[in-house]
Every structure is written in C-alpha cells, then in structure tokens.
Enquirer: 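Got a structure for you, written out below as structure tokens; questions coming shortly.
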Amino acid sequence: MAGPIFGAIADDLTGGLELAGMLVGQGARVAFVTAPGEVAALAAEADALDAVVVALKIRVVPAERAIADAVTAAGALMALGCRQLFYKYCATFDSTDRGNIGPVADRLAEMTGAEAVYFVPSFPEVGRTVYLNHLFVGAQLLSESPKRYDPLTPMTDPDIARVLARQSARPVGAVHYLAVRQGADAIRSATARAVAEGARHLVVDAILPEDLAVIAEAAADMPFLTGNSSVAEYLPAAWRRRGWLAEGAAGDALPAIDGPGVVLAGSCAERTIEQLAAFEAAGHPVLRLALSPADDADTVAERAARWVLAQPVPSAVATSAGPDEVARLQSALGREGASQLAETILSGIARRVAAGGVRRILVAGGESSGVVVETLGLKRLAVGAFTVPGMGRAVSTEPALSLVLKSGKLGDVGMFVEALDAMGGDGTATSGTTREALTDAH
C-alpha cells in the first residue's frame with residue numbers, strides 16, 4: 001500500500017519526540033516535523049516512510065487554536081496517505097473541563113469518520129495505569145497525586161471517562177479490564193456493544209505492558225486512535241502481522257556532533273534543580289538567573305549567552321526557581337506573563353549560543369523545549385531510538401545541532417553530563433532512569 005501507515009499529532013514537543021523514538025526503536029521509518037506545513041514536503045518520500053509525527057504546542061492553548069492546529073496537521077497527514085491518525089497526549093490526561101483533549105479528538109474523529117475512538121493514556125512502565133476508568137499515578141489515584149496541584153491543568157478527578165465527558169460532545173463509554181485481559185477479539189466485541197449502546201469515545205483500561213500490546217492489535221485497523229506514546233510502541237508489531245511493515249531492527253544511531261555544549265533549564269521541577277546541582281558538582285559552571293519583573297529579556301539573554309560562550313567546558317543556564325520565587329514573579333506578572341518572560345529569555349539565549357558555535361544543547365522542560373526548537377527554526381529532526389521515558393534525542397542538519405529534550409521531572413540526577421557526552425560520542429544516550437522506574441511526571 002502506498003503512503004505511510006501512521007500519522008501522529010502530538011500535543012507537545014517532548015511527547016512527540018518520545019513517540020517518534022519509540023517507533024524508530026521498533027524498526028519503523030519515521031519522519032519527525034514540528035510544523036504542519038512541513039508535512040507536504042514529505043510527499044516525494046512518502047512511500048519510503050512508515051510513520052510521520054507532527055509535534056505541536058497545543059496542550060494548554062485555547063481550545064479553538066488547538067483544534068485549528070490539529071485539523072491543519074491532520075489534513076496534511078491524510079493528504080500524504082496516512083492510514084491511521086493518532087492523537088498523542090500526556091499519560092496523566094493533562095487537560096481542563098474545557099479541553100483540549102476532548103474537543104480535538106471530537107474534530108479528528110469527524111475528519112476520519114471514526115465511529116469509535118479509543119483513549120489509552122496508560123504507561124505502565126512508569127506507573128500510569130487505568131482500571132475501571134480510574135487513572136492511577138503509581139499507587140495513588142490521579143486526584144491524590146501531585147498532578148492535583150498542577151498550575152495549568154490540575155487533575156482533581158481520577159475518572160477519565162467522566163473527565164472526557166465534560167470536554168466532549170460525543171457520548172463516552174469504556175472498555176474495561178476484563179475484556180482487555182481476554183484479548184483483542186474481546187476488546188472488539190466490547191467495543192461493538194458500547195457503540196450499539198450509543199458510546200463513541202471509549203476509555204480503555206490498561207495495567208500491564210502486555211495490555212497495551214493487545215489494545216494495539218485491536219486498534220491497528222481503526223482510522224483514529226488516541227493515547228499516550230506508550231500504546232503506539234506496540235503498533236509496529238501489529239503492522240508486521242498484517243504484512244504492512246518489514247522485519248527490521250531499530251534505526252541507525254544518530255551521528256555524533258562535536259562542539260561546545262550547554263544545558264538550558266526552564267523547568268522548575270525539583271528533579272531539574274537536583275540535576276543542575278549534580279552538573280555543577282561535576283565541575284560544570286551553572287548560571288542561575290533570578291528573574292525580576294523589571295528585567296529586559298533581550299539584555300538578560302545577551303549577557304547570559306556571552307557567559308556561556310566564554311566557558312571552557314559545557315555549562316548550564318537556568319531560569320528554574322523555587323516555589324517562593326515563582327510565586328513572587330507570578331504575583332507581579334501573572335502566570336502567563338511570568339512564563340513568557342522566562343521563555344523569551346531562554347529562547348534568546350538559545351538563538352545566540354547556537355549562532356556563536358554551540359552544537360550540543362540539552363533542554364530541560366517540555367514547554368521550554370518547544371520554545372527553543374521553534375526559536376532555532378528547526379522544522380524537521382532526525383530522531384534517535386527511544387531509551388528512557390521523558391527524554392528524546394534528535395539532530396538537525398541545518399544548522400548542525402545535536403539535541404536532548406527532556407521532561408523537567410524525569411531523568412537520572414547525573415544525566416546532564418552523560419547526555420552531553422553521548423551527543424559528541426557514539427550517538428547513544430543512556431540514563432540511570434529505567435523504563436520500570438516510577439516517576440511523578442510523564
């Protein structure tokens with residue numbers, strides 16, 4: 001069959017990169033782009049691709065904009081010939097009662113003509129599981145986990161079907177664990193019963209990795225699927241059973257790129273702050289910016305970039321701050337104003353240090369990663385095979401840059417040194433954080 005098998009729309013950059021890395025690790029040929037307009041440029045090579053991932057920044061934007069961006073990306077992927085669309089969101093279903101998961105899924109279901117749509121946020125390897133519609137973070141219900149305090153998307157209801165019903169215009173049902181444990185045919189039967197009763201969006205339980213494999217088998221022929229990146233990792237095996245994908249190993253290791261390195265930390269997560277301390281203890285200078293409402297973003301970025309370019313070893317610049325400092329800045333500028341100031345400074349630093357010769361960049365924080373990649377004008381990236389949750393490795397050719405983009409709350413404490421070394425070494429970055437480790441953010 002002509003065209004890619006799979007076209008994915010990710011609601012943030014780090015999640016999209018993780019998804020692409022999982023597919024690469026399973027032997028799929030993947031194109032990763034950061035703008036819907038880049039999809040059309042893939043037409044000449046579409047028959048040589050198994051999957052296309054478009055990473056957007058639509059998790060917390062107004063629902064109307066999220067829908068518009070997702071529809072543009074979906075239209076481009078469908079025009080390219082993708083047989084199945086996938087909408088990737090966070091494993092903790094990060095959203096509010098206004099969306100954006102429900103409204104985006106409603107519109108994409110309409111575009112694809114999907115009668116039933118599965119919602120599979122589970123990522124068992126990092127403790128995100130769903131049982132009887134209820135999402136657990138490790139041993140805690142979602143509503144009892146730290147996610148209930150999220151400043152943008154506080155998750156106070158653990159019943160994902162109930163959360164989705166408040167966002168969506170389509171009736172919501174479920175496929176519960178008993179059907180999942182009985183296999184793909186049982187999932188299909190449960191789906192048919194739910195649809196006959198009027199449901200159109202179905203939350204699917206999953207507790208173990210093998211549950212995701214069974215769900216992927218049941219979903220592989222559907223025109224539209226949603227979930228965390230984790231369920232998509234099991235799709236290539238289903239494609240091979242259908243004869244759509246040749247046997248193959250993980251994609252080639254990314255090329256090493258030598259040159260100065262820097263860590264840009266925008267996340268205020270405790271783990272990022274610990275990683276910065278470990279980086280400094282290993283002999284690397286760290287510049288911590290104490291942001292003020294009176295700061296001129298360009299001036300701060302210029303001074304910080306000059307400091308980075310003057311360092312003889314890889315260094316770090318952080319707009320990260322403790323809760324008290326964040327609260328003071330938000331009090332003066334508002335939540336969005338404080339975030340915008342930090343992102344403007346960090347992106348200004350990234351632009352200047354890349355122009356000054358820095359070739360290895362590690363960004364800590366999902367929103368920060370999106371801003372940095374956008375500022376650097378990186379529209380298409382070659383992606384490395386998935387290694388650990390929350391961290392993606394990629395390279396660009398124009399300009400030649402090696403990137404590690406990570407979730408603020410994930411990763412081994414000492415990973416900054418290791419990841420920067422790997423970018424200029426054999427192209428393989430590893431971490432003391434394993435897939436089986438339970439974490440508080442994904």
Enquirer: Applying side chain to side chain donor-acceptor pair (under 3.5 Å), run through Ser95 and Gln167 and close with a yes or a no.
Expert: CA-CA 9 Å; Ser95 54; Gln167 302 176 8; 2.8 Å; yes
Enquirer: Return each pair, listed once, that meets salt bridge (Lys or Arg N to Asp or Glu O under 4.0 Å) where at least one residue sits in residues 371-387; pairs must be two or more places apart or across chains.
Expert: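 Qualifying pairs, neighbours excluded: Glu45-Arg380.
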Enquirer: Considering residues, nucleotides and ligands other than Arg98, do more than 12 of their heavy atoms fall under 6.0 Å from its CZ?
Expert: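 No - once you tally the heavy atoms of other residues, nucleotides and ligands closer than 6.0 Å, there are 12 at most.
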Enquirer: Is any side-chain N of the basic residue among Glu367 and Arg59 closer than 4.0 Å to the acidic one's carboxylate O?
Expert: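 Looking at Glu367 and Arg59, the cut-off is not met.
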Enquirer: As a quick check of understanding, evaluate salt bridge (Lys or Arg N to Asp or Glu O under 4.0 Å) for Arg241 and Glu217, giving each step before the final call.
Expert: CA-CA 9 Å; Arg241 286 190 288 272; Glu217 174 61 32; 2.8 Å; yes
Enquirer: Give a yes or no on whether a salt bridge exists between Arg83 and Asp221, defined as a side-chain N under 4.0 angstrom from a carboxylate O.
Expert: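 Here Arg83 does not pair with Asp221 in a salt bridge, since their nearest N and O are not under 4.0 Å apart.
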Enquirer: Any side-chain heavy-atom pair from Pro121 and Val130 closer than 4.5 angstrom?
Expert: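 When only atoms from C-beta onward are counted, Val130 and Pro121 do touch, with a gap below 4.5 Å.
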Enquirer: What is the minimum heavy-atom distance between Ala206 and Ser122, and which atoms define it?
Expert: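 Scanning both residues, the minimum pair turns out to be O-OG, 3.0 Å.
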Enquirer: Which residue in the set Val363, Leu17, Leu362 passes side-chain contact (heavy atoms from CB on, under 4.5 Å) when paired with Ser369?
Expert: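 Exactly one candidate clears the test, Val363.
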Enquirer: For residues Phe6 and Phe86, establish whether the separation of their ring centroids is below 6.0 Å.
Expert: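 Close enough - the centres of the two rings lie under 6.0 Å apart.
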Enquirer: Measure the shortest side-chain to side-chain distance between Lys57 and Val371 over non-hydrogen atoms and say whether it is less than 4.5 angstrom.
Expert: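 Contact flag for Lys57/Val371 side chains = yes.
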Enquirer: Please test Arg360 against Asp258 for salt bridge (Lys or Arg N to Asp or Glu O under 4.0 Å), starting from the C-alpha separation and ending with a verdict.
Expert: CA-CA 7 Å; Arg360 294 175 291 149; Asp258 293 320; over 6 Å; no
Enquirer: For a 4.5 angstrom cut-off between non-hydrogen side-chain atoms, does Thr34 reach Leu13?
Expert: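 Yes - at least one pair of side-chain heavy atoms lies under 4.5 Å apart.
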